[in-house]
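The figures here come from the full heavy-atom set of this structure, side chains too, leaving out hydrogens, waters and symmetry mates.
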Amino acid sequence: MPRSKTLPAELDPSARQLVARLRRLKDHSELTMRQLAAKTGYSAKSWERYLGGVSLPPREAVEALARITGTDPVPLLALHEIAADSRDGRRARPAVQRQDEQHERDQEPSAGSTAPHSGPTVAQTAPTPPRAAEPTPGRFPHIALTAGIAALAVALSAVLLLMLRLDDDAGQAAVTTSPRTTAASSPPSYTCRIARVDGRWSAGINQGRDTEIGYGATGADVAEAQCLLRRAGISPGGIDGMFGPLTLRAVKTFQDRAGLTVDGMLGPRSWKALRG
């Protein structure tokens with residue numbers, strides 16, 4: 001059905017708004033009438049009537065269209081309920097009007113009766129009392145739905161405020177603890193003191209240990225190896241005690257020069273060559 005088709009002029013405003021939203025969902029989904037019928041279980045002819053404003057779609061059809069287009073059905077169902085209330089109210093008014101007309105006919109004198117000449121009868125002069133307004137069908141479910149939506153909005157607002165307060169508290173805690181964290185996580189400082197001890201080179205950092213280390217290791221053993229690599233003329237980067245990419249590259253270069261297995265691991269043979 002083309003988008004530009006004009007809706008009936010007598011269509012209720014709430015029904016017009018509902019149909020307009022359903023049209024937009026159908027157009028944005030780019031579904032044909034046949035595809036829409038296959039996905040919702042309502043025939044293409046039915047959807048032509050619904051989207052043309054000829055008849056009000058069932059509640060289940062509105063829910064089905066919202067589901068296949070990934071749309072929140074609550075606003076659409078609220079509009080549907082208002083439109084249904086208006087439709088039921090229009091249907092009820094002719095019946096009430098017929099009752100009023102019958103009541104007036106009952107009050108009129110018959111053709112054979114004669115009225116006194118002294119004046120009009122009480123039935124002729126007394127105005128018809130106004131009829132009490134009858135409650136619109138479906139009014140209470142609509143009020144309940146509106147109240148439920150309002151309660152949900154209040155609950156969501158409360159949750160949002162609580163999350164914002166928790167974020168503020170966490171930020172303040174982070175600001176308060178950041179100096180201590182920085183002080184505790186500052187890396188140790190290493191100084192290379194290259195010397196020959198018992199015929200072996202030492203940097204004076206790890207007491208001459210030959211602990212096997214590899215990529216990702218940290219501490220004094222890594223700093224000792226970095227100092228000895230620098231003594232061998234190969235830069236491992238900074239003397240920071242962290243076996244990172246630069247230190248790994250320096251270890252492999254040294255192993256290649258020393259004729260060792262180039263695996264990037266500092267084991268007993270690599271340590272022996274470094275301290276040689």
Find the distance between OG1 (T69) and CG (D27) and round it off to the nearest 0.5 Å.
11.5 Å
Heavy-atom count around R249 CZ within 6.0 Å, excluding the residue itself: above 12?
no
Spell out, yes or no, whether L51 and I68 are grouped together once hydrophobic residues are joined by side-chain heavy atoms under 4.5 Å, including indirect joins.
yes
Would L274 and L266 count as a side-chain contact (heavy atoms from CB on, under 4.5 Å) here? Give the steps.
CA-CA 10 Å; L274 278 174; L266 278 175; 3.8 Å; yes
The complete set of side-chain hydrogen bond (donor to acceptor under 3.5 Å, both in side chains) pairs with one or both residues in residues 49-63, sequence neighbours excluded, reads S46-R49
L31 side, atom CG; K39 side, atom NZ - distance, nearest 0.5 Å
6.5 Å
Side-chain contact, heavy-atom cut-off 4.5 Å: C227 with I205?
yes
Side chain to side chain contact (heavy atoms under 4.5 Å, CB included) partners of S202, counting only residues at least two apart
V197, E224, R275
Just wondering, do R21 and L18 contact through their side chains at under 4.5 Å, heavy atoms?
no
Less than 4.5 Å apart, any side-chain heavy atom of P268 and any of D210?
no
Consider only side-chain N and O atoms of T261 and D263, and report whether a donor and an acceptor are under 3.5 Å apart.
no
Residues L76, L25; criterion side-chain contact (heavy atoms from CB on, under 4.5 Å); working and verdict:
CA-CA 11 Å; L76 295 175; L25 292 178; 3.7 Å; yes
Could you tell me if the side chain of F243 sits less than 4.5 Å from the side chain of P236, heavy atoms only?
no
Tell me whether R34 at atom CZ has more than 12 heavy atoms from other residues, nucleotides or ligands lying less than 6.0 Å away.
no
Using the side-chain contact (heavy atoms from CB on, under 4.5 Å) rule, take R24 and T71 through it: C-alpha gap first, then chi angles, then the decisive distance, then the call.
CA-CA 11 Å; R24 285 198 296 269; T71 305; over 6 Å; no
W271/I213 under side-chain contact (heavy atoms from CB on, under 4.5 Å): CA gap, chis, key distance, verdict
CA-CA 10 Å; W271 277 112; I213 55 176; 4.2 Å; yes
Atom CZ of residue position R193 - does it have more than 12 heavy atoms of other residues, nucleotides or ligands inside 6.0 Å?
no
Flag the pair I239 / R230 as yes when at least one side-chain heavy-atom distance between them is below 4.5 Å, and no otherwise.
yes
A side-chain contact here means heavy atoms from C-beta on lying under 4.5 Å apart; do T40 and W47 qualify?
yes
I need the minimum non-hydrogen distance between Q255 and V262, along with the two atoms involved.
OE1-CA, 3.4 Å
Quick one: are K26 and L36 in side-chain contact, heavy atoms under 4.5 Å?
yes
Could you check whether any side-chain heavy atom of L228 comes within less than 4.5 Å of a side-chain heavy atom of W201, counting everything from C-beta outward?
yes
